[in-house]
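Reading through the structure tokens given below for one structure.
These values consider heavy atoms only, across backbone and side chains, with no hydrogens, waters or symmetry-generated copies. Everything numeric in this text was worked out from a predicted model, so none of it was measured. We're numbering straight along the sequence, starting at 1.
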Amino acid sequence: MARIAGVNIPTNKRVLIALQYIHGIGQKSARDIVTKVGLDDTRRVNQLTDAEVLQIRETIDKDFTVEGDLRRENSMNIKRLMDLACYRGLRHRKGLPVRGQRTHTNARTRKGPAKPIAGKKK
């Protein structure tokens, strides 16, 4: 099992797919990494040599923000908005949709399950 950026990536999958198990690496980033290292698209992780895994690891460390650093950066950005008490920060603080979606009928993911109102009848 190859360990890259603190994540055990699956060994029986293609390298392009396996790299996407790392938080912060999607399809485009994975393809960029594979082409930069010079690997074939059809290679599987268990076919990689230690040197190739090391090259992938170094490329990710040098060019991408992934895993813990990315999560920390995102949470710091949200915390900054909340400390500023701007509109987006207030929406984050209240647990409501931030980007202008309607909340009258939807937004159950952000607001949680519907709470029954006592004495309300149609």
Worksheet item: Stepwise, does the side chain to side chain contact (heavy atoms under 4.5 Å, CB included) test hold for Asp63 with Lys36?
Response: CA-CA 11 Å; Asp63 298 337; Lys36 190 174 284 187; 2.7 Å; yes
Item to complete: Take Phe64 and Ile33 through the side chain to side chain contact (heavy atoms under 4.5 Å, CB included) test and state the conclusion after the steps.
Response: CA-CA 10 Å; Phe64 296 95; Ile33 292 166; 3.5 Å; yes
Practice prompt. Take Leu96 and Arg110 through the test side chain to side chain contact (heavy atoms under 4.5 Å, CB included) and record every step on the way to the result.
Written response: CA-CA 6 Å; Leu96 293 169; Arg110 286 291 301 208; 5.8 Å; no
Worksheet item: Where do Leu16 and Arg31 land on the side chain to side chain contact (heavy atoms under 4.5 Å, CB included) test, with the steps shown first?
Response: CA-CA 6 Å; Leu16 275 176; Arg31 188 166 298 283; 3.7 Å; yes
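Side-chain contact between Gln101 and Arg99 is present, with heavy atoms from C-beta onward closer than 4.5 Å. Contact check for Arg91 versus Pro97: side-chain heavy atoms found under the 4.5 Å cut-off.
The pair Arg43-Asp40 fails the salt-bridge criterion, with no side-chain N (NZ, NE, NH1 or NH2) lying under 4.0 Å from an Asp/Glu carboxylate O.
Note that CG of Asn74 and CG of Asp69 are 11.0 Å apart. Values are rounded to the nearest 0.5 Å. To the nearest 0.5 Å, atoms CG (Leu39) and CD (Gln47) are separated by 10.5 Å. To the nearest 0.5 Å, atoms CD1 (Ile78) and NE2 (His92) are separated by 4.5 Å. The OG atom of Ser75 sits 12.0 Å away from atom CZ of Arg80, with the distance rounded to the nearest 0.5 Å. The structure places CG of Leu19 at 5.5 Å from CD1 of Ile56, a figure rounded to the nearest 0.5 Å. Here the CD1 atom belonging to Ile60 is positioned 10.0 Å from the CD atom belonging to Glu67, to the nearest 0.5 angstrom.
The main-chain N or O of Ile4 is never found under 3.5 Å from a side-chain atom of Arg57 such that the two would form a donor-acceptor pair. Checked by atom type and distance alone, the side chain of Glu58 never pairs as donor or acceptor with a backbone atom of Gln55 at under 3.5 Å.
For Arg88, the CZ atom is loosely surrounded, since the number of other residues' heavy atoms within 6.0 Å does not exceed 12.
Nearest heavy atom pair, residue Val45 against residue Pro10, reads CG2-O, 3.4 Å. A pairwise comparison of heavy atoms in Ala5 and Ile22 identifies CB-CG2, 4.1 Å as the closest pair.
Residue pairs meeting the side-chain hydrogen bond (donor to acceptor under 3.5 Å, both in side chains) criterion with at least one partner in residues 6-28, sequence neighbours excluded, are Arg3-Asn8, Lys28-Asp32.
Every residue meeting the side-chain hydrogen bond (donor to acceptor under 3.5 Å, both in side chains) condition with Asp83, not counting sequence neighbours, appears here in chain and number order: Lys79. Lys111 meets the side-chain hydrogen bond (donor to acceptor under 3.5 Å, both in side chains) test with no other residue; sequence neighbours excluded.
Residues Val66 and Leu70 do not share a hydrophobic cluster, clusters being chains of Ile/Leu/Val/Met/Phe/Trp/Tyr side chains in contact below 4.5 Å.
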